[in-house]
Undergrad: 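Dumping the structure here so I can ask a few things about it.
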Amino acid sequence: VAVTLKKSNGDLIASQCYFPDSYDLERQANANITIDMVENNNSTLITLQSDSFLQFAQLKARNWEFDDNYGHLIPGVNHQFKATRVNDSDTPLRVSLSAINLSRTILL
């Protein structure tokens, strides 16, 4: 069960997921992920949307830190993350996404 709370303009305020039977969800062979990235100095705002529920999704990028890189992606809901460069690194942002119920890691 996934519940979202949104503003009148559709912006996400909060979301919550509850697993009444089990955390053992069906594995996703593939998920279509849309991504939008807006750069601002040493940080980048990332907006992700998935067509599948991704359980305990995690974002990773070498020499970048995320404000929140672990949670559930609810289908059709925009999820925003802020990535910040570590130690003024000049490493380009290359984000990988993995999830417990995703059969492979996706390079975004």
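All values below were derived from every heavy atom in this structure, side-chain atoms included, with hydrogens, water molecules and symmetry-related copies excluded. Here, residue 1 is the first one in the sequence, and each next residue gets the next number. This is a predicted model, so every value here is computed, not measured.
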Undergrad: Hydrophobic clusters join Ile, Leu, Val, Met, Phe, Trp and Tyr when side-chain heavy atoms are under 4.5 Å apart, directly or via other members; which others share one with Ile13?
TA: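 Cluster partners of Ile13: Leu5.
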Undergrad: Between Ala29 and Arg104, which heavy-atom pair has the shortest distance, and what is it?
TA: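 What the structure gives for the nearest pair is O-NE, 4.2 Å.
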Undergrad: For Asn63, which residues count as a side chain to side chain contact (heavy atoms under 4.5 Å, CB included) partner, sequence neighbours excluded?
TA: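 Expected list: Ser89, Thr91.
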Undergrad: Taking Arg85's backbone N and O only, do any of them form a donor-acceptor pair with Asn42's side chain (distance below 3.5 Å, no angle check)?
TA: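 Not a single qualifying donor-acceptor pair exists.
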Undergrad: Report the residues that fulfil side chain to side chain contact (heavy atoms under 4.5 Å, CB included) with Asp11, sequence neighbours left out, ordered by chain and then residue number.
TA: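 With sequence neighbours excluded, Asp11 shows a side chain to side chain contact (heavy atoms under 4.5 Å, CB included) to Lys7, Asn9, given in chain and number order.
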Undergrad: Who passes side chain to side chain contact (heavy atoms under 4.5 Å, CB included) against Asn87, sequence neighbours left out?
TA: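 Not a single residue meets the side chain to side chain contact (heavy atoms under 4.5 Å, CB included) criterion with Asn87.
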Undergrad: How many angstroms lie between atom CZ of Phe81 and atom CE of Met37, to the nearest 0.5 angstrom?
TA: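 Answer for the CZ-CE pair, Phe81 versus Met37, is 13.5 Å.
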Undergrad: The criterion is side chain to side chain contact (heavy atoms under 4.5 Å, CB included); which residues satisfy it with Ser8, sequence neighbours excluded?
TA: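 Listed in chain order: nothing, the list is empty.
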Undergrad: If you define the side chain from C-beta out and look only at heavy atoms, does anything of Leu108 sit under 4.5 Å from Ile106?
TA: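 Yes, their side chains come closer than 4.5 Å.
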Undergrad: Please name the pair of heavy atoms, one in Ala61 and one in Leu93, separated by the smallest distance, quoted to 0.1 Å.
TA: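 It is CB-CD1, 3.7 Å.
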Undergrad: Can you give the donor-acceptor pairs under 3.5 Å from side chains of residues 44-54 to other protein atoms, not counting sequence neighbours?
TA:
residue : atom : partner : partner atom : Å
Thr47   : OG1  : Gln80   : NE2          : 3.2
Gln49   : NE2  : Asn78   : OD1          : 2.8
Ser50   : OG   : Ser52   : N            : 3.0
Ser50   : OG   : Ser52   : O            : 2.7
Asp51   : OD1  : Asn32   : N            : 2.9
Asp51   : OD2  : Asn32   : ND2          : 3.0
Ser52   : OG   : Gln28   : OE1          : 3.4

Undergrad: Please round to the nearest 0.5 Å and tell me the distance separating atom CG of Leu73 and atom CD of Gln58.
TA: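 Separation between the atoms: 12.0 Å.
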Undergrad: Rounded to the nearest 0.5 Å, what's the gap from CZ on Phe66 to NZ on Lys82? Could you check?
TA: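 Between atom CZ of Phe66 and atom NZ of Lys82 there are 12.5 Å.
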Undergrad: Using modelled atom types and a 3.5 Å cut-off, is there a donor and acceptor pairing between side-chain atoms of His72 and backbone atoms of Phe56?
TA: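 A pair under 3.5 Å: yes.
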Undergrad: Is there a continuous path of hydrophobic side-chain contacts, each under 4.5 Å between heavy atoms, that joins Leu97 to Ile74?
TA: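 In one cluster with Leu97: Ile74, no.
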Undergrad: Check the surroundings of atom CZ in Arg94: do more than 12 heavy atoms from other residues, nucleotides or ligands lie under 6.0 Å from it?
TA: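 It does not: Arg94 CZ has 12 such atoms or fewer within range.
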Undergrad: Can you see which heavy atom on Ile100 is nearest to which on Arg27, and at what distance?
TA: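 Here Ile100 and Arg27 meet closest at O-NH1, 2.7 Å.
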